[in-house]
Every structure is written in structure tokens, then in C-alpha cells.
**Student:** 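Below are the C-alpha cells for one structure; questions will follow.
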Amino acid sequence: AAGVIQSPRHLIKEKRETATLKCYPIPRHDTVYWYQQGPGQDPQFLISFYEKMQSDKGSIPDRFSAQQFSDYHSELNMSSLELGDSALYFCASSPRDNEQFFGPGTRLTVL
Amino acid sequence: AQKVTQAQTEISVVEKEDVTLDCVYETRDTTYYLFWYKQPPSGELVFLIRRNSFDEQNEISGRYSWNFQKSTSSFNFTITASQVVDSAVYFCALSENDYKLSFGAGTTVTVRA
């Protein structure tokens with residue numbers, strides 16, 4: 001069965017650079033969630049989209065923005081990267097009935 | 001405030017021992033969902049179970065079993081006859097009416113051969 005696809009799987013950036021993470025949800029899933037998991041931490045909700053509209057927002061820095069496109073894929077844009085942004089970024093997709101399926105994650109390292 | 005509490009930070013057992021992971025949650029919603037996820041060293045989040053607030057039936061899936069008790073706001077997870085491959089971080093999570101997941105801090109399980 002098709003799963004959630006995230007790209008890239010690994011990303012290394014310098015401080016103050018920008019990064020774009022991509023998420024391709026499972027076909028026919030209309031909701032996408034982004035989570036950030038710092039080293040040794042639990043995943044923290046960043047933002048979600050339902051039918052291409054932002055549906056909820058968590059502790060997402062102003063330097064981050066995200067959107068969901070007409071084909072339902074989503075991109076998380078991160079600017080002015082800081083060392084503390086180094087983390088595993090998960091995307092999850094779901095149909096509206098709430099069962100979230102997680103992608104493999106993108107490991108971002110900021111040097 | 002933390003909505004999901006996993007009091008055990010780390011548990012270490014020898015193979016074939018049973019291990020129970022505690023999870024206590026807090027919500028004012030009457031409709032909510034509880035989850036358990038496994039995160040092996042490779043990093044992916046593996047879905048184990050979802051339980052809705054109206055279904056208090058315990059569930060068994062192979063060596064895994066879950067005990068949901070609304071009276072104590074707990075959703076505990078037991079691995080029977082543990083194996084080395086069970087070594088991972090296990091997260092309990094809560095989803096309320098807004099659908100996003102609130103995770104507990106996780107319990108690291110180490111199973112020694």
C-alpha cells in the first residue's frame with residue numbers, strides 16, 4: 001500500500017540558510033500534519049492543512065511557513081535556520097476520520 | 001500543561017520478560033482518541049493502535065495488549081514475552097476534537113538478550 005513520502009530524507013544546512021521539506025500524502029487523504037521532533041524529545045505539532053487550507057497551528061516559529069498544494073502535497077519552508085532547528089521533521093496524512101499515517105521523516109541538521 | 005504523561009523514562013528487561021508501559025492522559029473532551037506509536041532506532045514512527053474514548057474494550061494483538069480505563073484516564077500497553085526487536089521508544093498520544101496529536105515524553109524500552 002502507498003505510504004506517506006517525505007523528501008529529502010536527510011538535509012544538512014548552514015545557519016541562516018533556508019530549507020524546504022516536502023510531503024506527499026497517501027492518495028485520497030485530505031489532511032496533512034507537520035511535527036518536529038528534537039533530539040531526545042517527543043514530536044511536537046507544528047501545523048496542519050485540510051483541503052488545502054490551514055486548519056490548525058502549533059508552536060511553529062514565524063521563520064517557518066507551510067502550504068498544501070492542489071495535488072495535496074505539502075511543503076514546509078524554513079528560513080534563517082538556527083542550530084536549534086536541527087530535528088526530525090515528520091509529515092502525517094489522514095482522511096478526516098483522524099487516523100494519522102506518518103512518513104519516514106526528514107532529518108535536518110543545521111551546522 | 002502536558003496532556004499525556006508517561007512516567008517511565010526507561011525500562012530495561014531481559015528477553016521473554018513482560019513489560020508494561022504506563023500512560024495517563026488529561027482531556028476535557030468527551031470524544032477523543034488514544035494512540036501508541038513505536039519509534040525504533042531507525043527513527044520512523046510506527047503506528048500500533050488507536051482507541052476511541054467510547055471503546056473501553058481491552059485489545060490484544062499478538063504479543064501486544066492494551067488496557068484502557070477511563071475511570072483512571074489510563075491507557076497502558078503491555079508487551080508479553082519481550083524480544084530484542086521490541087527495543088525502541090514507545091510514545092502514547094492523545095487526539096482531541098482538533099485532531100492533532102499530543103505525545104507523551106516517550107518510554108525507552110531496552111530488551112537484553
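Numbered from 1 within each chain, the chains take letters A, B, ... in sequence-line order.
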**Student:** So do Leu45(B) and Phe90(A) actually touch side chain to side chain, heavy atoms under 4.5 Å?
**Tutor:**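 Yes - at least one pair of side-chain heavy atoms lies under 4.5 Å apart.
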
**Student:** Look up atom CZ in Phe101(A) and atom CZ in Phe47(B), then write down how far apart they are to the nearest 0.5 Å.
**Tutor:**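 Going from the CZ atom of Phe101(A) to the CZ atom of Phe47(B) covers 6.5 Å.
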
**Student:** Is the NZ atom of Lys70(B) crowded by more than 12 outside heavy atoms at less than 6.0 Å?
**Tutor:**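 Counting other residues, nucleotides and ligands, NZ of Lys70(B) exceeds 12 neighbours.
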
**Student:** Could you walk me through whether Tyr50(A) and Tyr99(B) pass ring pair (Phe, Tyr, Trp, His ring centres under 6.0 Å), step by step?
**Tutor:** CA-CA 11 Å; Tyr50(A) 169 62; Tyr99(B) 300 116; 8.5 Å; no

**Student:** Is there side-chain contact between Gln100(A) and Tyr33(B), with heavy atoms separated by less than 4.5 Å?
**Tutor:**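 Not in contact.
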
**Student:** To the nearest 0.5 Å, how far apart are CD in Glu99(A) and CZ in Phe35(B)?
**Tutor:**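 Output value for this atom pair is 7.0 Å.
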
**Student:** Does Gln57(B), at its CD atom, have more than 12 non-hydrogen atoms belonging to other residues, nucleotides or ligands within less than 6.0 Å?
**Tutor:**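 Incorrect, the count does not exceed 12.
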
**Student:** To the nearest 0.5 Å, tell me how far Lys100(B) NZ sits from Thr31(A) OG1.
**Tutor:**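 The NZ atom of Lys100(B) sits 14.0 Å away from the OG1 atom of Thr31(A).
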
**Student:** Of the non-hydrogen atoms in Phe91(B) and Gln37(A), which two are nearest, and what is the gap between them?
**Tutor:**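 Closest pair (atom of Phe91(B), atom of Gln37(A), distance): CZ-NE2, 3.5 Å.
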
**Student:** Going only through I, L, V, M, F, W and Y residues with side-chain contacts under 4.5 Å, is there a path from Val4(B) to Leu48(B)?
**Tutor:**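 Yes, it is one cluster - the side chains of Val4(B) and Leu48(B) are joined through contacts under 4.5 Å.
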
**Student:** According to a 4.5 Å side-chain heavy-atom criterion applied to Ile, Leu, Val, Met, Phe, Trp and Tyr, with indirect links allowed, do Val24(B) and Phe75(B) form part of one hydrophobic cluster?
**Tutor:**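 Per the 4.5 Å side-chain linkage, Val24(B) and Phe75(B) are not co-clustered.
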
**Student:** Count the heavy atoms of every other residue, nucleotide or ligand shown that sit under 6.0 Å from CG of Asp71(A), and state whether that count exceeds 12.
**Tutor:**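 Enclosed: over 12 neighbouring heavy atoms sit under 6.0 Å from CG of Asp71(A).
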
**Student:** Could you tell me whether Leu111(A) atom CG has more than 12 heavy atoms of other residues or ligands within 6.0 Å of it?
**Tutor:**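 Counting neighbours around CG of Leu111(A), more than 12 heavy atoms of other residues, nucleotides or ligands fall under 6.0 Å, so yes.
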
**Student:** So if you build clusters from Ile, Leu, Val, Met, Phe, Trp, Tyr with side-chain heavy-atom gaps below 4.5 Å, do Val32(A) and Tyr24(A) land together?
**Tutor:**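 Shared cluster, no.
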
**Student:** Contact part of Gln39(B) toward chain A, heavy-atom cut-off under 4.5 Å: side chain, backbone, both or neither?
**Tutor:**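 Side chain of Gln39(B) only, per the 4.5 Å heavy-atom cut-off to chain A.
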
**Student:** Do any N or O atoms from the side chain of Tyr35(A) and from the backbone of Leu101(B) form a donor-acceptor pair under 3.5 angstrom?
**Tutor:**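 Answer holds: yes.
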
